[in-house]
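No experiment lies behind these values; they were computed from the predicted model shown. The chain is numbered in sequence order, starting from 1. Atoms within a ligand are numbered from 1 in the order they appear, just like the ligands themselves.
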Amino acid sequence: MATKMTLSVLKADVGSIGGHTKPSQRMMDATRAAAAGAVRNGLLIDTFVDHTGDDIAIIASHTRGTNDTDVHQFAWNTFLQATDIAREYGLYGAGQDLLADAPSGNIRGAGPAVAEIEFDHDPVKTNPVRPAESFMVLAADKCGPGAYNLPMFLGFADPMYCAGLMLPRIGEGFTFNIIDMDNTDGDSIISLHAPEDYYKITVLLRDNERFGIDSIVSRHTGQVAAAVSATRLHNIAGSYTGKDDPVAIVRNQGIFPAPEELISPYAKAHYIGGDARGSHTMPLMPVPINTPVVGMYCLPLVSCVGFSLNAGGKFSDSHIDFFDNSAWDHVRILAQQKGIEMRSQGWSGPAMLPYGELEYSGFRQSIGDLVERFAFRNGHQSGVPEPQKAGAGDGNAD
Ligand code: 13P
Ligand code: MG
Ligand code: MG
């Protein structure tokens with residue numbers, strides 16, 4: 001008998017030690033204690049709490065569906081508790097991602113990154129679709145919102161990475177629901193189908209700052225395979241307040257790609273927007289969970305933790321940390337090399353994000369102030385209209 005099961009990941013940066021590095025042990029302990037309390041009082045079935053860089057993630061299973069007020073309020077209040085600890089100890093960026101005063105319902109759009117999937121859960125041997133439920137949670141720090149665009153596309157649509165796509169059921173392909181993150185009027189989504197829309201999907205996903213994967217759905221079953229927290233903080237808050245540091249839930253095996261088919265694209269350490277001041281183009285480095293940001297730059301990080309789910313919705317008695325293996329050391333070296341190469345040209349050209357994507361509005365102000373001072377070389381000729389002041393009307397969100 002299938003039950004409706006929900007997986008939720010809610011992640012926020014609410015303070016970190018000595019700069020934007022990692023949350024304190026007290027903050028982690030308090031978050032874990034709150035999560036255990038939510039299991040005891042029946043709100044959640046199971047939880048796991050970790051951090052990636054300075055972001056704390058609460059991973060939870062429950063039966064309340066997506067966007068549930070109680071689950072979201074629990075996460076918000078837990079992040080507030082961790083914020084209080086961060087404030088008490090004078091940590092950097094206390095409460096950084098809690099942008100709204102007190103959101104009354106779900107907290108999507110209030111600052112924390114949220115990804116959720118609801119699905120039919122009946123993990124028995126006779127279930128032809130899903131005899132066992134396994135999934136992974138990706139969490140990225142110092143990253144732009146489309147950090148998963150390329151690796152997820154390759155894992156779900158390219159047989160060069162997912163040979164499973166040559167098999168009958170999974171080979172029916174996947175629907176990519178893609179969000180236009182520049183549309184501030186609401187969630188603006190297009191559904192494109194792999195394989196026939198393969199090229200069209202790349203037309204959008206090439207732009208990591210504007211278009212992001214919102215979710216991926218199996219065409220064989222209509223089941224959601226993956227969900228990503230692809231919304232832009234600066235579109236929600238009205239001003240840049242931190243890079244978007246997305247999270248994702250990805251179900252794997254059987255009718256979905258296998259873990260290695262999903263994580264092998266991360267071996268590229270592909271360049272994305274993010275890094276220091278959210279304003280550089282740097283490689284995405286796969287790291288174990290609970291890794292702080294202490295490298296010589298501020299490389300974008302991604303962690304990936306996996307679980308199985310029993311019939312009652314409990315996580316396996318332990319987790320698997322996919323990037324915590326020496327196999328990934330090679331990629332971490334590659335990421336450092338790619339980072340050094342890119343940073344050797346400092347601020348020039350593609351090493352820093354274009355004007356419209358600079359996270360710190362101060363950068364744009366610096367440019368705008370200078371643009372205001374431009375004047376014609378030979379003075380202004382009469383009869384020629386005054387040029388429009390540059391710096392205004394740049395078409396950016398904030
Ligand atoms: P966070 O969003 O992870 O706090 O990063 C801030 C930043 O811009 C790093 O330089
Ligand atoms: Mg931070
Ligand atoms: Mg962060």
Checklist entry - Under 4.0 Å from any heavy atom of Lys142, which atoms of ligand 1 are there? => result 1 (P), 3 (O), 4 (O), 5 (O), 9 (C)

Next on the checklist: With heavy-atom distances below 4.5 Å as the criterion, would you say the side chains of Cys143 and Ile272 are in contact?
Outcome noted: yes

Item to check | By salt bridge (Lys or Arg N to Asp or Glu O under 4.0 Å) - contacts of Asp158 (at least two apart) | outcome: none

Checklist outcome for this item: Answer key: the N, O or S atom of Asp245 nearest to the Mg ion (ligand 3) is OD2

Checklist entry - How are the rings of His319 and Phe307 set to each other: parallel, tilted or perpendicular (split at 30° and 60°)? => result tilted

Next on the checklist: So if I count the atoms of ligand 1 from 1 in the order they appear, which ones are less than 4.0 Å from some heavy atom of Asp13?
Outcome noted: 1 (P), 3 (O), 4 (O)

Item to check | Val293 and ligand 1 - part of the residue with a heavy-atom distance under 4.0 Å | outcome: neither

Checklist entry - Just going by heavy-atom distances, which of Asp245, Asp97, Asp54, Thr21 is nearest to atom 2 (O) of ligand 1? => result Asp245

Checklist entry - Quick one: which ligand 1 atoms are inside 4.0 Å of a heavy atom on Gln96? => result 1 (P), 2 (O), 4 (O)

Checklist entry - What about the rings of Phe153 and Tyr198, do their centers lie closer together than 6.0 Å? => result yes

Checklist outcome for this item: The complete set of salt bridge (Lys or Arg N to Asp or Glu O under 4.0 Å) pairs with one or both residues in residues 250-270, sequence neighbours excluded, reads Glu133-Arg251

Checklist entry - If we only count N/O pairs under 3.5 Å, is Cys298 in contact with ligand 1? => result no

Checklist entry - Hey, are the side chains of Ile289 and Phe48 touching, using non-hydrogen atoms and a 4.5 Å cut-off? => result yes

Checklist entry - Step by step, would you call Ser215 with Asn177 a side-chain hydrogen bond (donor to acceptor under 3.5 Å, both in side chains)? => result CA-CA 5 Å; Ser215 54; Asn177 296 319; 3.0 Å; yes

Checklist entry - Does a side-chain heavy-atom distance below 4.5 Å link Ser24 with Tyr89? => result no

Item to check | Within-cut-off N or O pair, Arg277 and ligand 1, under 3.5 Å | outcome: yes

Checklist entry - Excluding waters, how many protein N/O/S atoms sit closer than 2.8 Å to the Mg ion (ligand 2)? => result 2

Next on the checklist: According to salt bridge (Lys or Arg N to Asp or Glu O under 4.0 Å), who are the partners of Asp369, at least two apart in sequence or on a separate chain?
Outcome noted: none

Item to check | For Gly278, the ligand 1 atoms whose distance to one of its heavy atoms is below 4.0 Å | outcome: 8 (O)

Item to check | Heavy-atom side-chain contact between Val331 and Met285 under 4.5 Å | outcome: no

Next on the checklist: So if I count the atoms of ligand 1 from 1 in the order they appear, which ones are less than 4.0 Å from some heavy atom of Ala276?
Outcome noted: 10 (O)

Checklist entry - In terms of heavy-atom contacts, does CE of Met160 have more than 12 from other residues, nucleotides or ligands at under 6.0 Å? => result no

